[in-house]
Amino acid sequence: MNKKANILTENVIFIILNLLFLSILIGFLVLQGGGKIVLEKNYAKQIALLIDSSYTYDQNDKIEIVINMEKALKEKDEDFSFDRVVSITGNEVKFKLSEKSEAKYYFFNDVNVAARPLNDKEYVIVIAVKEGENNAD
Amino acid sequence: MLINKRGTDKVLAVYWFAILIIVTVAIVSGVSIFYGAQYDVRDVESIALANKIADCVSKGGKMNYLMDEKEINSDNFLSICRLNFANQEQDLYAEVDFYDFDSCSINDKKCSVSLLNVKTFTQSWIEQCNLDSKSPVCKERWFYTLSKDGQQEIIIRIFTGVNKAGENVN
């Protein structure tokens, strides 16, 4: 009777250890896949590349690019305001999903850029020619 | 009989955990390498810079500027092409060569008579371009255009380089 109880206990421990191992592995994969830091870096770079690739020809030209932020919002800290996620100063794009972390990337296109939330899921990046300059001949 | 069976089970359990550890190490290292790798955008950035310069110097098949250092030179090149290299002076490079069409061998991409050369600050890392995945990324683009007055045929070579290793390479 005691031997049977021992076998059962060993099997239960074995199964629990296996489940524990699998859950730790799955947890690791989930954390790696949607990491806040990875998302911040990718968004900052992609916004900078969008600005670099844009063409504005005269002062009446204005490009508005709408960015879907649903993926980033899943990783954003709840107490961190959506208004502060994207900020553009000079030629620097800064992307933040929490108070403690941020990613930045520089663009080379010499234009006026502003970023603001369009609604609770999207941001709009407005690109315009700097005052007093025209590209058109 | 029961004792033997339990002995076999224990040996199997050891093997089982050994297999688990091997699988774990493989998955963790694979995932770490995949997600740990930085998102390298230097290739796209270098192409975007070359396109921007091409649009600046030539439009509709004609040069936007006279082939004269008073009009376009290394000092005013960035501002007339509306490029801002602030905070990334050490990481970006751009050079434009204007050649006489008749002095060029298109197949070999070689030209002998340079009409004008403009470039940004010289970078030491240009020599290291495109050596491996961690090296700076450089692009070269050649195209044909006419001079501003339409009288001369010109070959333009645009060479761009992006280093930014810190942001794009592990």
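Numbered from 1 within each chain, the chains take letters A, B, ... in sequence-line order.
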If the threshold is 4.0 Å, N to carboxylate O, is there a salt bridge linking [X] and [Y]?
X	Y	value
Asp132(B)	Lys134(B)	no
Glu92(A)	Lys104(A)	yes
Lys96(A)	Glu40(A)	no

With only heavy atoms counted, which part of [X] is less than 4.5 Å from chain A, the side chain, the backbone, both or neither?
X	result
Leu49(B)	both
Leu92(B)	side chain
Glu45(B)	both
Val23(B)	neither
Asp55(B)	side chain

Spatial distance of atom CD1 (Ile158(B)) from atom CD1 (Ile47(B)) [nearest 0.5 Å]: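 Answer for the CD1-CD1 pair, Ile158(B) versus Ile47(B), is 12.5 Å.
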Partner of Gln152(B) under side-chain contact (heavy atoms from CB on, under 4.5 Å), chosen from Leu146(B), Asp102(B), Leu115(B):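 The side-chain contact (heavy atoms from CB on, under 4.5 Å) with Gln152(B) is passed solely by Leu115(B) among Leu146(B), Asp102(B), Leu115(B).
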Whether Phe82(A) and Tyr123(A) hold their rings parallel, tilted or perpendicular, with breakpoints at 30° and 60°: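 Correct class here is perpendicular.
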Mutual orientation of the aromatic rings belonging to Tyr99(B) and Trp142(B) [parallel < 30°, tilted 30-60°, perpendicular > 60°]: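 Ring orientation of Tyr99(B) relative to Trp142(B): parallel.
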Interchain contact, [X] with chain B, by part (heavy-atom threshold 4.5 Å):
X	result
Tyr105(A)	side chain
Leu22(A)	neither
Tyr106(A)	both

Glu95(B) versus Thr120(B), side-chain donor and acceptor atoms under 3.5 Å: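 Judged by distance alone, the side chains do not pair up.
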Option in Asn87(B), Thr24(B), Asp91(B) with maximal non-hydrogen atom pairs under 4.5 Å from chain A: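 Looking at each option in turn, the highest pair count goes to Asn87(B).
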Choice from Leu25(A), Val111(A), Ile24(A), Asn42(A) maximising heavy atom contacts with chain B below 4.5 Å: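 So the answer, after comparing Leu25(A), Val111(A), Ile24(A), Asn42(A), is Asn42(A).
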Most contacts with chain B, counted as non-hydrogen pairs under 4.5 angstrom, among Leu17(A), Asn109(A), Ile37(A):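 Between Leu17(A), Asn109(A), Ile37(A), the count favours Asn109(A).
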